[in-house]
Amino acid sequence: MGSECKPGKKGSVSLLVVAGSGGHTTEVLRLVESLSHAYSPRHYVIADTDKMSEDKIRTLETSKNEMDAQAKFTIHRIPRSREVRQSWSSSLLTTLNALLYSVPLVFKLRPDMVLCNGPGTCVPLCVAGLLLGAAGMKKVLIVYVESICRVQTLSLSGKILYYLSDYFFVQWSTLKDKYPGSIYMGRIV
């Protein structure tokens with residue numbers, strides 16, 4: 001695989017970025033900031049109740065666009081998959097609701113890659129990406145980066161996407177020891 005997987009070698013990489021509220025957005029935007037201009041267009045998805053992430057995304061994209069006039073981005077909203085401290089039984093229903101919004105969005109955008117780092121909203125979007133591949137329409141690469149604050153255990157999203165993602169990054173060696181299929185490169189955000 002090696003050199004064949006370099007972004008931009010065969011054209012741009014359409015990227016779907018899942019931003020959660022607060023720290024998740026800050027971390028994923030640090031990752032996006034480090035990406036080359038080959039990752040374009042960038043499609044951001046945030047929860048419909050998220051009030052801060054859109055401003056942070058627009059600020060980042062404004063600064064990126066000053067360096068790359070060709071860059072394009074969009075922002076989309078879907079229902080929140082799970083609220084903090086929400087019960088398991090009601091989380092199942094809200095996640096299914098988010099999936100109902102995620103499937104048509106992902107099928108419309110047809111990203112090459114989904115980049116996420118732990119908000120509950122990323123699970124239905126990654127599942128929608130997998131469904132796009134299962135339908136034979138397009139293979140979507142799922143890249144999950146566990147939040148820097150997860151030192152001993154994975155987040156709930158991480159526990160699910162560990163088995164579904166193509167690349168699963170952890171930022172602490174203790175997690176690499178517990179999850180041998182993960183990739184540990186130290187702190188990356």
Novice: Can you tell me how far apart CG (Asp55) and CG (Leu60) are? Round to the nearest 0.5 Å.
Specialist: 12.5 Å

Novice: Does Val17 belong to the same Ile/Leu/Val/Met/Phe/Trp/Tyr cluster as Met52, with side-chain heavy atoms less than 4.5 Å apart forming each link?
Specialist: no

Novice: For the residue pair Leu109 and Ser14, what are the closest heavy atoms and their distance?
Specialist: O-OG, 4.4 Å

Novice: Can you check whether His37's main-chain N or O pairs, donor with acceptor, with Ser40's side chain at less than 3.5 Å?
Specialist: no

Novice: Check the hydrophobic clustering (I, L, V, M, F, W, Y; side-chain heavy atoms under 4.5 Å; chains of links allowed) and say if Ile183 and Leu35 are grouped together.
Specialist: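 Yes, because Ile183 and Leu35 connect within a single hydrophobic cluster, where side-chain heavy atoms sit under 4.5 Å apart.
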
Novice: Is there a side-chain contact between Val143 and Asp166 in this structure, where contact means two heavy atoms from C-beta onward sitting under 4.5 Å apart?
Specialist: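 No, every pair of side-chain atoms sits at 4.5 Å or beyond.
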
Novice: Does any part of the side chain of Cys116, heavy atoms only, come nearer than 4.5 Å to the side chain of Val145, both counted from C-beta?
Specialist: no

Novice: Given the rule that I, L, V, M, F, W and Y join up when any side-chain heavy atoms are under 4.5 Å apart, are Met113 and Tyr167 in one cluster?
Specialist: yes

Novice: For Met137 and Phe107, work out which heavy atoms get closest and say how close.
Specialist: SD-CE2, 3.4 Å

Novice: Looking at side-chain heavy atoms only, is the closest gap between Pro41 and Leu15 below 4.5 Å?
Specialist: no

Novice: What residue among Pro79, Pro124, Cys126 forms side-chain contact (heavy atoms from CB on, under 4.5 Å) with Ser102?
Specialist: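 So, applying the side-chain contact (heavy atoms from CB on, under 4.5 Å) to Ser102 and each of Pro79, Pro124, Cys126, only Pro124 qualifies.
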
Novice: Under the side-chain contact (heavy atoms from CB on, under 4.5 Å) rule, what do Arg42 and Lys72 come out as? Steps first, then yes or no, please.
Specialist: CA-CA 6 Å; Arg42 288 177 295 281; Lys72 295 186 290 184; over 6 Å; no

Novice: As an exercise, state the distance from NZ of Lys176 to CZ of Phe169, rounded to the nearest 0.5 Å.
Specialist: 10.5 Å

Novice: For Glu146, does its backbone N or O pair with a side-chain atom of Gln171 as donor and acceptor, under 3.5 Å?
Specialist: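 Yes: the side chain of Gln171 pairs with the backbone of Glu146.
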
Novice: Return yes if a side-chain donor-acceptor contact under 3.5 Å exists between Thr121 and Ser81, otherwise no.
Specialist: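 Thr121 vs Ser81: no donor-acceptor pair found between side chains.
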
Novice: I'd like to know whether Lys139 forms a salt bridge (charged side-chain N to carboxylate O under 4.0 Å, His left out) with Asp112, so could you lay out the CA-CA distance, the side-chain angles of the two residues, the decisive distance to 0.1 Å, and finally the verdict.
Specialist: CA-CA 7 Å; Lys139 165 69 173 134; Asp112 297 311; over 6 Å; no

Novice: Please report the C-alpha distance between Leu154 and Leu175 in whole Å, then the side-chain angles of each, then the deciding distance to 0.1 Å, and finally whether the side-chain contact (heavy atoms from CB on, under 4.5 Å) criterion is met.
Specialist: CA-CA 8 Å; Leu154 296 179; Leu175 287 176; 4.2 Å; yes

Novice: Do Asp48 side-chain atoms and Arg77 backbone N/O form a donor-acceptor pair below 3.5 Å?
Specialist: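 Judged by distance alone, no pair lies under 3.5 Å.
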
Novice: Would you say the side-chain atoms of Tyr144 and Ser155 include a donor-acceptor pair closer than 3.5 Å?
Specialist: yes

Novice: Are Val170 and Leu156 grouped together when hydrophobic residues (ILVMFWY) are joined by side-chain heavy atoms under 4.5 angstrom apart?
Specialist: yes

Novice: Step by step, would you call Leu29 with Ser53 a side-chain contact (heavy atoms from CB on, under 4.5 Å)?
Specialist: CA-CA 10 Å; Leu29 291 182; Ser53 294; over 6 Å; no

Novice: Which atom pair, heavy atoms only, marks the closest approach of Asn117 to His24?
Specialist: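 Between these two residues, the closest heavy atoms are ND2-O, 3.0 Å.
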
Novice: First locate atom CG of Leu99, then atom CG of Leu105, and finally report the distance between them rounded to the nearest 0.5 Å.
Specialist: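 Result: 11.5 Å between the selected atoms.
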
Novice: Any chance you could measure Ile46, atom CD1, to Ile57, atom CD1, to the nearest 0.5 Å?
Specialist: 5.0 Å

Novice: Is the closest side-chain heavy-atom distance between Val114 and Leu141 below 4.5 Å?
Specialist: no

Novice: Going through the checks in order, is the salt bridge (charged side-chain N to carboxylate O under 4.0 Å, His left out) test met by Asp50 and Lys56?
Specialist: CA-CA 11 Å; Asp50 186 344; Lys56 290 178 181 181; over 6 Å; no

Novice: Is there a donor in the side chain of Glu61 and an acceptor in the side chain of Tyr44, or the other way round, less than 3.5 Å apart?
Specialist: yes

Novice: Just by distance, with hydrogens left out, do Thr74 and His76 show a side-chain donor and acceptor under 3.5 Å apart?
Specialist: yes

Novice: Let me confirm one number: the CG-OG distance from Leu130 to Ser165, rounded to the nearest 0.5 Å.
Specialist: 9.0 Å

Novice: Restricting to non-hydrogen atoms, name the atom on Val18 and the atom on Pro119 that form the minimum distance, rounded to 0.1 Å.
Specialist: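 Minimum heavy-atom separation between Val18 and Pro119: CG1-CG, 4.1 Å.
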
Novice: Distance alone, cut at 3.5 Å: any donor-acceptor contact between the side chains of Asn97 and Thr94?
Specialist: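 There is no such pair (donor and acceptor under 3.5 Å, judged by atom type) between the side chains of Asn97 and Thr94.
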
Novice: For Val45 and Leu16, run side-chain contact (heavy atoms from CB on, under 4.5 Å): C-alpha distance rounded to whole Å, both residues' side-chain angles, the deciding distance at 0.1 Å, then the answer.
Specialist: CA-CA 7 Å; Val45 181; Leu16 189 149; 3.9 Å; yes

Novice: Taking Leu125 as the starting point, is it possible to reach Leu164 by hopping between hydrophobic residues whose side chains are less than 4.5 Å apart?
Specialist: yes

Novice: Within the supplied structure, the quantity of interest is the number of heavy atoms (other residues, nucleotides, ligands) at a distance under 6.0 Å from Phe168 CZ; does it exceed 12?
Specialist: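 Buried by this count: over 12 neighbours within 6.0 Å.
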
Novice: Let me confirm one number: the CG-OG1 distance from Leu100 to Thr95, rounded to the nearest 0.5 Å.
Specialist: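 Between Leu100 CG and Thr95 OG1, I get 11.0 Å after rounding to 0.5 Å.
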
